[in-house]
Amino acid sequence: QSILHYYKKQLTLLQSEHKIKKNNDNNSINNTIHIEELINNEKLQKEINDLISLIQIQAKHIKAYNHIMSFLNVTIRKCLGGLAYAINTFALKTNLYGSGIDVSVCFSLANQETWAAKLVSALSYDTCINNATAVYQNKIKEIKVQFNNLPSETIVSCYIGDIKVTMNSNNVTALGEITLCELIDRKIGKQHLFKKTLLLLSSWCTKNGLLKSGYLSHSFLRTIAMYIYNAYHEDITTPLHGFLKILHYISQFNWHQHA
């Protein structure tokens with residue numbers, strides 16, 4: 001509660017210009033002291049670790065997500081000769097249960113103009129009923145296609161069971177970002193300290209409506225987390241410490257000048 005109380009006020013500065021003046025020095029010192037108190041609070045550290053264990057996606061839920069990815073891979077291989085790769089929080093196992101899956105559908109450029117139509121057809125009931133992975137027949141619903149200026153920017157979305165799946169094509173940039181985050185987590189180590197920080201940050205932002213409102217995105221959270229860990233990796237020892245470092249930086253960022 002002390003974290004929420006303090007940082008709820010801090011995040012109201014997201015769109016305010018940061019001014020460095022002498023009369024703000026005392027506030028900065030007080031903020032630093034407050035953060036140190038939270039970091040050194042052993043009871044709070046234990047509660048945060050318990051919270052992470054609670055919100056971390058469980059094995060049975062991972063299995064459900066993996067079934068969906070397996071189904072998509074079989075379907076995409078048949079209709080496009082390609083593969084499906086998760087490119088959001090699920091790929092890093094930092095997602096909350098019930099959150100959607102963003103997928104990059106990778107295939108040859110020969111299918112670039114027609115991939116969406118072929119995929120929609122493959123996801124339809126008549127095709128799926130004959131599919132070897134027919135566990136999801138009758139569970140695919142609300143298939144939608146969003147056409148943009150270029151075929152490569154077309155988006156296909158649907159619900160498989162109660163999980164929303166959003167698919168785009170050959171998204172190499174997103175695959176590169178996810179790969180970089182995975183490599184950073186392995187480099188930092190400390191029992192997935194980086195991923196646990198992301199999980200805590202994502203959960204907090206979701207709880208406070210910052211992701212749904214459009215103020216922040218998961219990609220932004222990953223980028224800012226990478227920046228903070230690059231700058232302070234020697235100091236950060238717990239997910240709580242990383243979480244506070246990130247929120248403190250966001251609250252002090254000069255949005256008017258740089259965003």
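Within the 4.5 Å cutoff, the side chain of I178 has no heavy atoms near those of the Y85 side chain. Annotation: side chain of D185 is not in contact with side chain of L92 (no heavy-atom distance under 4.5 Å). Side-chain contact between M167 and L72 is present, with heavy atoms from C-beta onward closer than 4.5 Å. Taking the side chain as every heavy atom from C-beta outward, T206 and S99 never approach each other to under 4.5 Å. T238 has its side chain out of reach of I48: every pair of non-hydrogen atoms, C-beta onward, lies at least 4.5 Å apart. Looking only at side-chain heavy atoms (C-beta outward), S202 and H218 come within less than 4.5 Å of each other. Between I228 and T197, every side-chain heavy-atom pair lies at or beyond the 4.5 Å cut-off. The shortest side-chain heavy-atom distance between Q191 and K196 falls under the 4.5 Å cut-off.
Taking the charged nitrogens against the carboxylate oxygens, E42 and K46 have no contact shorter than 4.0 Å, which rules out a salt bridge.
In this model, a donor atom of one side chain and an acceptor atom of the other lie less than 3.5 Å apart for S169 and Q112.
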*Check step by step if side-chain contact (heavy atoms from CB on, under 4.5 Å) holds for I184 and N230.*
CA-CA 9 Å; I184 287 174; N230 183 57; over 6 Å; no

*asked:* Checking L211 against L221 for the side-chain contact (heavy atoms from CB on, under 4.5 Å) test, could you report, in this order, the C-alpha distance in whole Å, the side-chain angles of both residues, the deciding distance, and whether it holds?
replied: CA-CA 10 Å; L211 292 170; L221 297 183; 4.0 Å; yes

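The cationic group of K63 does not satisfy the cation-pi geometry with Y65, failing either the under 6.0 Å distance to the six-membered ring centre or the 45° limit from the ring axis.
Heavy-atom contacts from other residues, nucleotides or ligands closer than 6.0 Å to NZ of K144 number 12 or fewer. The 12-atom threshold is not exceeded at NZ of K164, counting heavy atoms of other residues, nucleotides or ligands nearer than 6.0 Å.
Note that the CG atom of N171 and the CD atom of E153 stand 10.5 Å from one another [nearest 0.5 Å]. Atom CG in L240 sits 12.5 Å away from atom NZ in K245 (nearest 0.5 Å). Separation of atoms OG1 (T166) and CD1 (I87) is listed at 9.0 Å; rounding is to 0.5 Å. Within the model, atoms CG of L201 and CZ of F243 stand 6.5 Å from one another, a figure rounded to the nearest 0.5 Å. Taking NE2 of H233 as the reference point, atom CD1 of I188 lies at 8.0 Å (rounded to 0.5 Å). Between M226 atom CE and L183 atom CG the span is 10.5 Å, to the nearest 0.5 Å.
Partners of Y97 by ring-ring contact (aromatic ring centres under 6.0 Å, His included), not counting sequence neighbours, listed by chain and number: H61. Every residue meeting the side chain to side chain contact (heavy atoms under 4.5 Å, CB included) condition with S219, not counting sequence neighbours, appears here in chain and number order: E177, S217, R222, T223.
At distances below 3.5 Å, at least one donor-acceptor pair connects side-chain atoms of S251 with backbone N or O atoms of H248. Checked by atom type and distance alone, the side chain of N73 pairs as donor or acceptor with a backbone atom of A84 at under 3.5 Å. Panel note: side chain T179, backbone L175; a donor-acceptor pair is recorded below 3.5 Å. Using a distance-only test at 3.5 Å, with no hydrogens or angles considered, a donor-acceptor pair links the side chain of N88 to the main chain of G100.
The hydrophobic cluster containing L193 also contains I224, counting ILVMFWY residues as joined when their side-chain heavy atoms lie under 4.5 angstrom apart, directly or transitively. When the side chains of ILVMFWY residues are joined at heavy-atom separations under 4.5 Å, either directly or via intervening members, I62 and V165 end up in a single hydrophobic cluster. In the hydrophobic clustering of ILVMFWY residues, with side-chain heavy atoms under 4.5 Å counting as a link, V172 and F107 come out apart. With hydrophobic clusters built from ILVMFWY side chains whose heavy atoms lie under 4.5 angstrom apart, L119 does not share a cluster with I155.
Considering all non-hydrogen atoms of both residues, A122 and T75 come closest at CB-CG2, 3.6 Å. Scanning both residues, G98 and I163, for their nearest heavy atoms gives CA-CD1, 4.1 Å. A116 and V145 make their closest contact through CB-CG1, 4.4 Å (heavy atoms, listed as atom of the first residue, atom of the second, distance). In terms of heavy atoms, T94 sits closest to L199 at O-CD1, 3.5 Å. Of all non-hydrogen atoms in N111 and L80, the two that sit nearest each other are ND2-O, 3.2 Å. Taking all atoms of both residues into account, the shortest heavy-atom contact from V103 to M69 is CG2-SD, 4.0 Å.
Exactly one residue among L109, I76, V120, T154 makes a side chain to side chain contact (heavy atoms under 4.5 Å, CB included) with W115. That residue is T154.
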